[in-house]
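Just the heavy atoms: all of them, side chains too, but no hydrogens, waters or symmetry mates, feed the values below.
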Amino acid sequence: MGADKPSKPEQSALSAIESSGLTALIERAQTLDSLDCSLRRRLPKALAKQCRLANQSPDKLVFQVSNPVWKNKLRLHSQELLQHANALGLLAQEIVIKIDPDFKPRDEK
């Protein structure tokens, strides 16, 4: 009376993700996170904690900050960020900075 062993939860979750079509979304999120970490490493520590890369398209990078003070400080580093992005192979020509009052700073990785 041997019952079949249930499949491992990790395998079930991975197959569910693959069959749902979320793989591309997860890969996009991982790519943005990796790019975010790389770009923020170029910033002063205090500023790096107060912003995040929210989106990336072929010609622009979109960052989020919690208030106008951090927006202005990040704007001062926009050329440096664009140069680093270009060195990484991105063709970004513009940085857009959006204020999100609900943004919560995160600790460095």
Side-chain angles (χ1 to χ4, degrees):
M1 265 193 108
D4 289 336
K5 288 184 178 179
S7 63
K8 292 182 180 178
E10 312 83 46
Q11 290 174 338
S12 300
L14 287 174
S15 1
I17 288 171
E18 288 171 2
S19 65
S20 71
L22 292 176
T23 306
L25 182 62
I26 291 169
E27 288 173 359
R28 170 96 169 130
Q30 290 172 333
T31 300
L32 276 176
D33 185 54
S34 175
L35 183 55
D36 173 51
C37 290
S38 179
L39 291 172
R40 286 187 309 112
R41 268 187 242 144
R42 299 288 180 164
L43 299 172
K45 212 171 206 176
L47 177 57
K49 289 181 180 183
Q50 298 294 328
C51 67
R52 78 170 152 236
L53 181 66
N55 202 359
Q56 178 257 330
S57 66
D59 62 336
K60 69 179 147 185
L61 302 172
V62 180
F63 280 87
Q64 287 179 316
V65 296
S66 60
N67 64 57
V69 172
W70 293 113
K71 179 178 180 174
N72 289 334
K73 289 183 183 216
L74 185 58
R75 174 79 50 216
L76 293 173
H77 293 274
S78 60
Q79 282 306 107
E80 181 183 349
L81 289 171
L82 285 172
Q83 288 173 354
H84 184 61
N86 293 159
L88 294 172
L90 302 173
L91 303 174
Q93 299 173 0
E94 176 185 8
I95 290 187
V96 176
I97 305 169
K98 297 189 175 195
I99 298 171
D100 178 3
D102 294 329
F103 172 77
K104 301 288 184 245
R106 71 179 187 177
D107 292 327
E108 291 277 328
K109 286 186 175 180

Problem - Side chains of L32 and L53 in contact at under 4.5 Å (non-hydrogen atoms) - result: yes
Practice task
With sequence neighbours excluded, tell me which residues meet side chain to side chain donor-acceptor pair (under 3.5 Å) with D102.
Solution key: none
Problem - Set of side chain to side chain contact (heavy atoms under 4.5 Å, CB included) partners for S66, sequence neighbours left out - result: Q50, W70, F103
Problem - For L76, the rest of its hydrophobic cluster, which grows through side-chain links under 4.5 angstrom - result: none
Problem - Any N67 side-chain heavy atom under 4.5 Å of P101 side chain - result: no
Fill in the blank from the handout: Nearest heavy-atom approach of L47 to K73 is CD2-O, 3.8 Å
Report all side-chain donor-acceptor pairs from residues 81-94 shorter than 3.5 Å, counting only partners two or more places apart or in another chain.
residue : atom : partner : partner atom : Å
H84     : ND1  : R42     : NE           : 3.1
H84     : ND1  : R42     : NH2          : 3.1
H84     : NE2  : S38     : OG           : 3.0
N86     : ND2  : L90     : O            : 2.8
N86     : ND2  : A92     : O            : 3.1

Practice task
Could you tell me the separation between the CG atom of L74 and the CD1 atom of I95, rounded to the nearest 0.5 Å?
Solution key: 6.5 Å
Completion exercise
Between the CG atom in D33 and the CZ atom in R28, the distance rounded to the nearest 0.5 Å is 12.5 Å
Completion exercise
Rounded to the nearest 0.5 Å, the CG atom of L43 sits from the CD atom of E80 at a distance of 6.5 Å
Practice task
Could you tell me whether a side-chain N or O of S34 sits under 3.5 Å from a main-chain N or O of Q30, the two making a donor and an acceptor?
Solution key: no
Problem - Main-chain N/O of Q64 paired to R52 side chain as donor or acceptor, under 3.5 Å - result: no
Completion exercise
Taken to the nearest 0.5 Å, the spacing of F63 CZ from H77 NE2 works out to 11.5 Å
Completion exercise
CD1 (I97) and OG (S78) are apart, to the nearest 0.5 Å, by 6.5 Å
